[in-house]
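The next block holds one structure in the form of structure tokens; read it before the comments.
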Number of protein chains: 2
Amino acid sequence: MKPPRSSKNDVFLRYKLWLAAVSGEGIVEESTYLLLKAVREKGSLKAAAEHLNVSYRKAWGDIKNSEELLGYELTEKHRGGQGGGKSELTSKAFNLLEAYDALHRKMDAAIEEAYQDFKEKIK
Amino acid sequence: MKPPRSSKNDVFLRYKLWLAAVSGEGIVEESTYLLLKAVREKGSLKAAAEHLNVSYRKAWGDIKNSEELLGYELTEKHRGGQGGGKSELTSKAFNLLEAYDALHRKMDAAIEEAYQDFKEKIK
DNA sequence: TTTCGATAGGAATTGCTATTCATATCCCCT
DNA sequence: AGGGGATATGAATAGCAATTCCTATCGAAA
């Protein structure tokens, strides 16, 4: 076997968290959470998509998909006007992000807690 | 907007956990953990792959990839012989699965804990 | 009232990932 | 000694998801 392409020491635990239906179908993917955060910061879907380095087409489709599955809007869309348009989060989207962040912190803590033991066990 | 294709009530939090390098490159993907568990149960990579409904080619490649990145073997491979051959987990792979399962349980607990609050906030 | 830039969304294309295909090797058991 | 079934691996193909391309629409500001 060839020498390892990575050192045992710089190993990390990563995860993705998403909201799903019983069927397993993703309702709000992790990438969509990130997108919503970027919209909150940037004020437009276009800027958010660019920030995350994904195509506008995909970003737009992802949010639309989540909205349809949830049954409510995550963004208030404005076409035309100053700057050409903008997108803002709805209060429900704010709630979603708040809940997501809270859970995210808990999971980060669980990983933090397990990390040393994990590294020990796999080396 | 059309009526939602899913009820707010049957919504679940799902996640994937994996071991990664600084670069973000996956070292042991979640699917590989599952594969290793299946090998442990089934005694062969072929049976494990079939059990998980993935091609033998991919299963084989995934394990090889993880082994190369880790720098050690996760399976003891045996060609020929009774039954044509078999694969068994190495003790390091057992450790890996043990560590993975422990962390997995912690993350499940974090989700369990946050679940009601989450559902409340997103409805 | 014309312009500018973002939202909206269909259609074609690209690009990656997994499957499929093909072939070789190994070795216990009969 | 030979058969059978799993491991091993390259090469081609299929399947899918994201990007690219295009064309419309909207409305504040100049």
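Naming convention: chains lettered A, B, ... in sequence-line order (proteins, then strands); numbering from 1 in each chain.
Atoms NZ (A:K86) and P (D:dA28) sit 10 Å apart, rounded to a whole Å. Regarding A:E68, its CD atom lies at a distance of 12 Å from the P atom of C:dA8, rounded to whole Å. Between A:E88 atom CD and C:dT7 atom P the separation is 11 Å, expressed in whole Å. Put simply, CD on B:E67 is 9 Å from P on D:dA8, counting in whole angstrom units. Rounded to an integer number of Å, the gap from B:K77 NZ to D:dA8 P is 6 Å. When rounded to the nearest whole Å, the span between NZ of B:K58 and C1' of C:dT17 equals 8 Å. Regarding A:L74, its CG atom lies at a distance of 15 Å from the P atom of C:dT7, rounded to whole Å. What separates CZ of B:R79 from P of C:dC29 is a distance of 18 Å, to the nearest Å.
Here CG of A:L45 is found 14.5 Å from NZ of A:K86. Values are rounded to the nearest 0.5 Å.
Of the candidate nucleotides D:dT9, C:dA8, D:dA6, D:dT9 has the atom nearest to the side chain of B:W60.
The nearest heavy atom of DNA chain D to A:S55 and to B:A47 marks one nucleotide each, and the one closer to the 5' end goes with B:A47. Across the interface with DNA chain C, nearest-nucleotide mapping of A:R57 and A:K46 shows A:K46 to be the residue nearer the 5′ end. Each of A:Q82 and B:G85 was assigned the nucleotide of DNA chain D with the nearest heavy atom; the assignment lying further toward the 5' end belongs to B:G85.
Side-chain polar atoms of B:Y15 and A:E30 form no donor-acceptor pair below 3.5 angstrom.
Side-chain heavy atoms closer than 4.5 Å link hydrophobic residues (I, L, V, M, F, W, Y) into clusters, and following such links, possibly through other members, connects A:Y100 to A:F94.
OP1 or OP2 of C:dT7 lies within a sub-4.0 Å distance of a side-chain N or O belonging to A:S87.
Side chain of A:T90 to backbone of A:E73: a donor-acceptor contact under 3.5 angstrom is found.
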